[in-house]
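Side-chain atoms are counted along with the backbone in the values below, which use heavy atoms only and exclude waters and symmetry mates. Throughout, protein chains are lettered first and strands after them, A, B, ... in sequence-line order, and every chain is numbered starting at 1. From a predicted model like this one, the values you see are computed outputs, not experimental measurements.
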Amino acid sequence: MAELITLTGVNKKYKNGVTAIYDLDLSIKKGEFVFIIGGSGSGKSTLIKMLYREEKPNKGEISIGGINVAKLRNSKVYKLRRRLGIVFQDYRLLPKLTVYENVAFALEVIGTKSNEIRIKTLRALELVGLKGKIRNYPDELSGGEQQRVAIARAIVNNPKLILCDEPTGNLDPKMSLEVVKVLEDINKTTGATIIMATHDKEIVNKFKKRVVAIKQGRIVKDYEEGKYDNESI
Amino acid sequence: MNLFRMIRYGVRDAFKSVRRNLSLSLASVSCISITLIVVALALLVAFNVENFSQKAGDNVTIVTYLQLGATEDDITAFETELKGMDNIVQEWTKQTPEERKQSLIEEEELLSNIGSTIENPEEVFHYRYDLKVEDVAKIEDTKNALKALDVVDTAEYGDDTVTRMIDLFNIAGRVATIVAVILIIVTVFLIVNTIKLTIFSRKREISIMRVVGASNMTIKNPFIIEGFLIGLMGSIVPVLATIFGYRAFYDKLDDGHFMTFWLEFLNPTPFIYFVSLIIVIIGVTVGMIGSSRAVRKYLKV
């Protein structure tokens, strides 16, 4: 299968002098499900942020589906982001909007027509198993459900790539499992590529996906059907 | 994004946030209203003074006498000089010494005998020029410029109450303009703060918008429109005050005149609508300048 993402010689040094990523090379194929693992400060969040162009590398190239992300102008970043879905540890839902409105919001602000919004929003909520809670507000849901709303929002525009930055970080093991299962389903049914940064050992070991381990900004292990390897962290 | 949909989205959001920050929005709206009332006053004064000056200018003449024995060359040089003066209406009446002698003979019976005995009128009579000015407010400068010419003996204009009153109006207009400018600056700062608060209160929403790929225009527009709305709402009271205030004032006058023939105020229609339009434009512009400053400063996209 074709490569969706290629990183070559990527370096990232923050303005405060901290170097987060050293000379990183990585390629990910279309339809893959990849865990990026590593301890705190290993650089996995920085890597995810560079993929949606929240951070810019100081050196090297990042190509996503043919777009050179590193050279993308600030004013054009939105074009990249419309083709991505992003899920965060803290869900980032709007508390005053219902579940339905939260998901529809992502389409509204990019100017989707209203009948299209309705169809896409309901389909996304069905995919994450929350069709029965579309009128609830985020604070009426469990953490796992809130994260599933966030996932629905990330997939509502049919992205080919979904980036997850510690999506289970705030969840208990049962809910974590539920959330990653939803992601796996999406990966299988829609064929979207999923990159998930995590330090959740149980999850990584259970799902047997490709595992890329990062330590101090360098890739130290890259396994197919890998497991969480304590030595490398 | 479809432009119409983007604007509709922006307007809806702008209304929402005006309601959400009602007290600060109201403060901004009142500040703009006060500012615009002063602006309106300044405009009303300025346009009317302009009108007075024109009317008065038609009735004030600078009478200029050249030195005795001015030669043909002096006359040509003087008239060339006049043509170069901006404030002088380029149509004047000129009397040669000979003509003045004749008019003396014709007009004054008593003096006609003396008049006819004058053999060399250029030794007795000066060349006389009656000059009109374009802008009566600058008449003093023009008179002085004339006096500074070697060939000119005297240059005077009659009634200086006219110019003194126009000076007074001009000062009033200038004071109002300065106050208006200061108020506009204060208002811009207040609007910057209002919009800043809106931006902060919607930080989460903005961050989500950025993540899902809303364009910069979509993110910024609601705030710019909010500034526009504040400006628009702020101009309602000043516009009403202008329209009804000036009408009431004008109705109290004797057919638009105040005391003398030249103090003629401008007819309310269409004048007040013109002033109102300027006020709305200023209000909206001030609102949008304030909001775009806030967006540039506090909304990094």
Exercise for the section: Over all heavy atoms of both residues, which pair between G213(B) and R81(A) is shortest? Give the atoms and the distance, please. Expected result: CA-CB, 3.7 Å
Practice task
Measure the shortest side-chain to side-chain distance between M217(B) and S75(A) over non-hydrogen atoms and say whether it is less than 4.5 angstrom.
Solution key: no
Handout entry: pair Y78(A)-T218(B): side-chain heavy atoms closer than 4.5 Å
Key = no
Exercise for the section: Answer yes or no: does atom CG of D139(A) have more than 12 heavy-atom neighbours from other residues, nucleotides or ligands under 6.0 Å? Expected result: yes
Exercise for the section: Evaluate whether atom CZ of F274(B) has more than 12 neighbouring non-hydrogen atoms of other residues, nucleotides or ligands under 6.0 angstrom away. Expected result: no
Handout entry: Residue part contacting chain B, namely of P95(A), when any heavy atom lies under 4.5 Å
Key = side chain
Handout entry: chain B contact via R83(A) - which portion, at a heavy-atom distance below 4.5 Å
Key = neither
Problem - Between CD on residue E108(A) and CE on residue M209(B), distance to nearest 0.5 Å - result: 9.5 Å
Problem - Part of L93(A) within contact of chain B (heavy atom distance under 4.5 Å) - result: backbone
Handout entry: Region of N102(A) in contact with chain B, defined by heavy-atom distances below 4.5 Å
Key = neither
Exercise for the section: May I ask you to check whether over 12 heavy atoms, not counting those of K56(A), lie within 6.0 Å of atom NZ? Expected result: yes
Handout entry: Polar side-chain atom of R204(B) near backbone of L94(A) as donor-acceptor pair, under 3.5 Å
Key = no
Problem - Portion of K113(A) that has a non-hydrogen atom of chain B nearer than 4.5 angstrom - result: both
Problem - Residues, nucleotides or ligands: over 12 heavy atoms within 6.0 Å of F200(B) CZ - result: yes
